[in-house]
**Student:** 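Have a look at this one before I ask anything.
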Amino acid sequence: MRISELSPDLRPPAAVSSSPSLPVEEIEAFIKEAERLSPDDLLSGKLSSSLQKPLSRLNSVHPLPESAKLHLWKLSYRLWNACVDLTNAVEIRSQQPPDLRHKIAEENAKLRQISAELLLVAGPVAGIPSPAFKSASFFYKTGVIWHDLRKFDLAESCFDRATDQVSKIAIERVSDAEEERFLLDLNIARSRAAWEISDRNVAFALLNRSKNLLFGRIESYKTLAEQYLQFGKFVLSKDQGSKSNEALKLIEEAVDLCDKGSTVAKTLDLRDLRSRSLRFLAAAHLQREEFESVVRCVRVLREGGGTCGEHASVGFLAMKAWLGLGRCGEAEKELRGMVVNKEVPEGVCVSAVEAFFEGAGVAGAEAVKGIFLGMLGRCHIRAGSAVRVVQRLAAGGGGGEGGRMMAKVVAELVADERVVTLFAGAGKDRWAMHAVLWNSGAEFFRSKNYEVSAEMFEKSMLYVLHDVENRILRAKSFRVLCLCHLGLSQLDRAEEYINEAQKLDPNIACAFFKLKICLQKKDENAAIEQIQSMLNCLDFNPEFLTLSAHEAMACRSLPVATAALSTLLNLYAPEKPMPMPEVAVLRSLLAILFHGSDNEHEILRCMNRARTRMAELGAEKFFGDGAVGSRELNWFAGNSWNMGIQTGKEKKYDLSSQVFMLASEFFGVMGGEADRGSLAMVCKSLILSVSSMITNEKEKDAVLEDSDMKRGVELLDRAGKILTSMSTTTQATDDRATIDASFFFLHTFNSYHLCRRLDNSQSQQLHLIKSFASSKHCTPQHLLQMGLAASQGPHPNPEAAHFALNSCLTVLIASPVPDYQVVALVIRKLIVLAGIRNGDVENEAYAMYRHACGILVGLKEGEYPAEEGKWLATTAWNRSVLPGRLGQMDVAMRWMKIGLELARHVHNAGGYKECMEECIARIEKLESGGGV
C-alpha cells in the first residue's frame with residue numbers, strides 16, 4: 001500500500017496531541033534520514049538503534065489520537081519504501097563481497113521490522129481497509145527476509161506477531177483471494193521456521209492446519225503439496241538408510257494433496273507435481289527396502305504419464321527395485337531401456353550401470369560390459385564415464401574365482417578398440433584409466449595372482465602413449481610385467497620384458513631383475529656378473545647389493561649372497577654414507593659363510609677385518625653404542641668362540657688357535673676389568689688358543705718358531721694373571737664368570753710344554769707341577785696327565801713325572817673309593833720311572849713293589865686289575881734273576897719273596913704262587929746244606 005492510498009480526508013491536522021508529538025517527530029526525522037541513505041550507510045547500524053528509542057517511548061503512550069495513528073501509518077510506509085529502495089540499490093551493486101551484503105541485509109531487515117512495529121503501535125485507523133492484514137503482511141515479509149538470512153528465531157517472532165494480527169479474524173469473513181493466499185503463506189512460513197529450529201512437531205502441526213486454509217483453490221493445493229514434498233525430500237536425504245516413516249508420510253501427503261487438488265478444479269494441471277512426488281515416494285520406499293511398493297509407484301507413474309514424458313529416474317528406481325527383489329532379468333531390461341532412451345542423460349546411464357553391477361554382482365559383469373559397449377553406439381560417451389564403469393567393475397570382483405572372472409571382463413572391455421578410441425586426446429582421463437588398471441594389477445600382484453596381474457598391467461599399457469615423455473612409464477610397466485612372469489616361473493618371458501625395459505631405461509632395477517632371473521635359472525656365475533654390473537649403473541645405490549644378498553639367500557645361492565655382501569663391504573670408506581653399518585654387513589656375510597662348508601679361511605678373514613676395524617675406529621664407533629652395540633659385539637665374540645670350538649673338534653688346530661685369539665680380543669672389549677664374565681671368557685680363549693697351537697705342533701710333528709713360542713708364553717701370562725685375580729675374588733653367580741678347573745690344568749699343562757724351550761726347563765717344569773698340585777683345582781686325573789706327559793716324549797722329565805705320579809697315587813689311595821685301574825697304571829709308571837731316575841734304583845723300585853703289596857692287601861677279588869697284579873708279581877720275581885746269576889742270593893731272595901707275596905694277594909695266580917713257593921723252598925734247602 002502506497003502513501004497515496006490513504007484517505008485525504010484523514011490527513012493529520014496542523015496540531016497533534018502534545019503527548020506523542022515528540023517521539024513521532026523524532027521518528028519522522030530519522031525516516032527522512034533513511035530516505036537519503038545509501039546501502040553503505042547502513043553498515044554502522046546507528047539508524048536502527050536510533051529509531052528503536054523513540055519507538056520504545058511511543059509504546060508507553062496510550063491511547064494515541066487518530067491523527068497520530070494516521071501519521072504513524074504514513075511514516076511506516078515511508079520507511080518501508082525506503083527499505084525497498086535500499087534493497088534495489090544493493091541488487092544493482094552485485095559486486096559487493098557476500099559478508100558485506102549480508103550485513104547490509106541485516107540492517108535493512110531491522111528497519112523493516114521497525115516499520116512493521118510502527119503499524120502495530122498505531123493500530124487500526126478508520127478509513128484504512130483491512131488494517132490487520134496490512135500490518136501482518138509487514139511482519140510476514142520481514143520474517144521472510146529474516147528466514148533468508150537464517151535468523152530463524154527472529155523470523156519465527158515476526159511470523160507469530162503477524163499471526164496475532166489476523167488470528168482474531170474469522171476464516172469465514174475472509175473472502176478476498178489475496179488475503180486467503182496470505183493466510184496460507186503465513187502458516188507455511190511459520191511451519192518452515194519451526195522446521196529450521198528443529199521443532200518438527202510444530203512444523204507438521206502447522207502444515208496440517210494449513211489444510212483448512214486451501215479455500216478450494218488449486219494454487220493453494222499446489223503450494224501446500226510442494227511444501228510437504230520439500231520437507232519429505234529433506235528428511236529422505238538426511239535419514240539415509242533409516243527405516244523411519246517420516247519421509248514416507250510427508251511425501252504421501254503431497255501425493256494426496258495433488259489428487260485432491262485435481263478433483264477440486266482442473267484449470268491447472270497437477271500431474272507434473274504428482275509425478276515428482278511419486279518419484280520421491282518410490283525413492284522413500286526404496287530406502288526402506290520396500291521393493292514391491294517401488295514397483296507399484298513406478299507402475300502408477302507410467303500409467304499416469306506427464307506433460308514432459310517419463311523422467312530419467314523412473315527407470316533407475318525400477319531397476320533398483322527389481323534388483324532388490326532378486327529379479328536381475330527385469331532389472332537388466334530396465335537398464336537397457338534407459339540406455340536406448342536418448343532422453344536419459346549419460347551420467348544417469350553410467351550411474352545406472354554402476355548400480356546394476358552393484359546389485360547383480362559378478363553375474364552381471366558380462367551384461368554391464370555389453371550394455372556399456374552398446375552405449376558407445378547410442379551417443380558420444382565421455383572417457384570419464386568409461387573410467388567410472390571400469391573402476392566399479394575392477395573393485396567389485398573381490399578375491400578368488402570372482403576376481404579372476406571380473407578381471408577377464410575388465411580386460412575385454414578396456415581392450416575394445418571403441419573404448420581405447422574414447423581416450424584419444426583425453427589426457428587426464430587416460431591417466432585415470434591407466435591408474436585404475438595399474439592399481440587393479442597391483443592388488444592381484446599382492447595376492448600373488450600373477451597371471452591376472454600380468455593381464456591387468458598389459459592392458460594398462462594400452463593407455464600409455466608411445467612417445468619420449470612416457471618412455472620411463474613404459475619401462476616401469478615392462479619391469480613389473482617381468483616380476484609377474486617371474487612369479488609364474490616363466491623365465492624366458494620375464495627376460496624378454498626386462499630386456500625391453502632396459503632398452504627404454506637402463507637403470508639399476510633392470511640389473512637387479514636380471515639378477516633375479518639368473519638366480520631362478522641357477523646360473524650363479526651370471527648372477528655374480530650382474531652384481532658387478534650394478535656398480536656401473538648411473539643410478540647405483542648400495543641398497544641394491546643388500547637386496548641382492550636377500551634375494552640370493554631366498555634362492556639358497558650362498559656364493560651369490562657372499563659376492564653381493566663382499567662387494568658391498570668394499571664400498572665402505574671413512575665418512576662415506578652407507579645404507580647400513582659396516583658391522584651389520586660383516587655380520588650378515590659371516591652368517592652366510594657359517595651356513596656353507598670349507599669357508600673357515602674366509603670367515604677368519606672377515607673376523608680379522610672386524611678386529612682391525614674395531615682397532616681403527618674404536619669398539620663403540622664400529623659396533624655401535626648402547627644395547628645395539630653390545631649385541632653386535634657379543635655376536636662376534638660368541639661366534640668366534642663357537643668357531644674355535646668347532647674347528648678344534650675338526651682337528652683344524654691352526655684355525656682354532658687364531659679364532660680363539662680373535663675371541664679373546666672381542667671379549668676383552670665387552671665389559672672391561674669389572675666384567676667377570678668377559679674376563680673369564682678372555683682367559684678361556686687365551687688358554688684354548690695356546691692349547692690349539694701346541695696341539696697343532698704335535699699333530700704336524702713340527703717345532704714351534706720362537707715368535708710363536710714367545711707369543712704363547714705372553715698369552716699364558718695374561719691368562720695366568722686373570723686366573724689369579726679370579727681365584728682370589730668371591731665366586732660369581734654368573735655361569736659365564738666361572739672358570740672350570742680344567743682351564744687351570746690346561747694353563748699349567750700348556751705352560752709346562754712351553755717351558756721345555758727355556759733354560760733350566762727341568763726345574764721350572766717341576767715347579768709348575770708342584771704349584772698346581774698344591775692348588776684346589778688339582779685332581780688325580782690332572783696329576784696323571786701331567787705325569788704321563790713328563791715321562792714321555794722327546795724331552796722327558798723323570799723328576800717331574802715322579803712327583804706328579806706319586807702325588808696322584810697318594811690322592812687316589814686317600815680316596816674313599818679308589819679307582820684301582822688308575823692306581824695300577826700309576827704304580828706301573830712309577831716302577832718304570834724307578835729305572836730311569838738317578839739314585840738308588842733297587843731300593844726305590846723295591847719300595848714301590850712293597851707299597852703296591854700293601855695296597856693289594858685286603859682287596860676283594862676283581863677290585864685290583866688281575867693282569868696288573870700278575871705283572872707286579874712276575875716283574876718283581878724276574879728282578880731276582882740278575883742278582884742270582886751274580887751270586888747275590890740275598891738280593892735275589894728279597895725280590896723272589898716280594899714277588900711271591902704279591903702273587904699271594906693276586907686272585908687267579910695260583911699257578912704262579914705254587915711255582916714260586918717250590919723255587920724258594922729249593923733255594924732255601926740248598927742254602928741250608930740239603931740236596932735238591
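Hydrogens, waters and symmetry mates play no part in the numbers below; they use all other heavy atoms, side chains included.
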**Student:** Give me each pair satisfying salt bridge (Lys or Arg N to Asp or Glu O under 4.0 Å) with a member in residues 552-564, each pair once, sequence neighbours excluded.
**Tutor:**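 Output for this query is empty, none listed.
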
**Student:** Between M661 and L715, is there a side-chain heavy-atom distance shorter than 4.5 Å?
**Tutor:**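 The answer is yes; the side chains approach within 4.5 Å.
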
**Student:** Sequence neighbours excluded, which residues qualify as side chain to side chain donor-acceptor pair (under 3.5 Å) partners of T779?
**Tutor:**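 Per chain and number, T779 pairs via side chain to side chain donor-acceptor pair (under 3.5 Å) with H782.
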
**Student:** Under 4.5 Å between any side-chain heavy atoms of E868 and I827, yes or no?
**Tutor:**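 A side-chain contact under 4.5 Å is absent here.
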
**Student:** Could you tell me whether the side chain of L783 reaches within less than 4.5 Å of the side chain of C778, counting heavy atoms only?
**Tutor:**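 The answer is yes, as the side chains (C-beta and beyond) meet within the 4.5 Å cut-off.
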
**Student:** Mind checking what makes salt bridge (Lys or Arg N to Asp or Glu O under 4.0 Å) contact with R718, not counting sequence neighbours?
**Tutor:**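 Scan of R718 (salt bridge (Lys or Arg N to Asp or Glu O under 4.0 Å), adjacent residues dropped) gives none.
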
**Student:** Write out all pairs satisfying salt bridge (Lys or Arg N to Asp or Glu O under 4.0 Å) with one or both partners inside residues 584-595, taking only residues at least two apart or from two chains.
**Tutor:**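 Qualifying pairs: R587-E632.
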
**Student:** Between D740 and F743, is there a donor-acceptor pair closer than 3.5 Å when you use the side chain of the first and the backbone of the second?
**Tutor:**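 Looks like no, no N/O pair under 3.5 Å.
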
**Student:** What I'd like to find out is whether the side chain of C755 reaches to under 4.5 Å of the side chain of L768, using heavy atoms alone.
**Tutor:**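 The answer is yes, as the side chains (C-beta and beyond) meet within the 4.5 Å cut-off.
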
**Student:** Listed by chain and number, what are the ring pair (Phe, Tyr, Trp, His ring centres under 6.0 Å) partners of F749, not counting sequence neighbours?
**Tutor:**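 Testing F749 for ring pair (Phe, Tyr, Trp, His ring centres under 6.0 Å), a comparison that skips the adjacent residues, returns F745, H753.
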
**Student:** Just jot down the salt bridge (Lys or Arg N to Asp or Glu O under 4.0 Å) partners of K514, sequence neighbours excluded, or say none.
**Tutor:**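 K514: no salt bridge (Lys or Arg N to Asp or Glu O under 4.0 Å) contacts found.
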
**Student:** Is the shortest side-chain heavy-atom distance between L902 and W877 below 4.5 Å?
**Tutor:**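 When only atoms from C-beta onward are counted, W877 and L902 do not touch, as no gap falls below 4.5 Å.
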
**Student:** Keeping to residues at least two apart or across chains, list the salt bridge (Lys or Arg N to Asp or Glu O under 4.0 Å) pairs with something in residues 639-656.
**Tutor:**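 The answer is E600-K652, E650-K652.
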
**Student:** Partners of N806 by side chain to side chain contact (heavy atoms under 4.5 Å, CB included), sequence neighbours excluded?
**Tutor:**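 N806: side chain to side chain contact (heavy atoms under 4.5 Å, CB included) contacts with H802, L830.
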
**Student:** With sequence neighbours excluded, tell me which residues meet salt bridge (Lys or Arg N to Asp or Glu O under 4.0 Å) with R605.
**Tutor:**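 E602.
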
**Student:** Is there any salt bridge (Lys or Arg N to Asp or Glu O under 4.0 Å) pair reaching into residues 610-624, and which pairs are they, with sequence neighbours excluded?
**Tutor:**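 Qualifying pairs, neighbours excluded: E582-R613, R611-E665, R613-E616.
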
**Student:** Do F744 and S775 make a side-chain contact, defined as non-hydrogen atoms from C-beta onward lying under 4.5 Å apart?
**Tutor:**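 No, too far: nothing below the 4.5 Å cut-off.
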
**Student:** Side-chain contact test, heavy atoms from C-beta onward, threshold under 4.5 Å: evaluate it for Y846 versus V891 and give yes or no.
**Tutor:**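 No; the side chains remain at least 4.5 Å from each other.
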
**Student:** Can you name the residues that form a ring pair (Phe, Tyr, Trp, His ring centres under 6.0 Å) with Y849, not counting sequence neighbours?
**Tutor:**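 Expected list: W895.
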
**Student:** Sequence neighbours left out, what passes salt bridge (Lys or Arg N to Asp or Glu O under 4.0 Å) with K521? Give chain and number order.
**Tutor:**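 In terms of salt bridge (Lys or Arg N to Asp or Glu O under 4.0 Å), with neighbours along the sequence ignored, K521 is linked to D492, E495.
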
**Student:** Hey, what do you get for CG (L662) to SG (C606), rounding to the nearest 0.5 Å?
**Tutor:**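 The CG atom of L662 sits 11.5 Å away from the SG atom of C606.
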
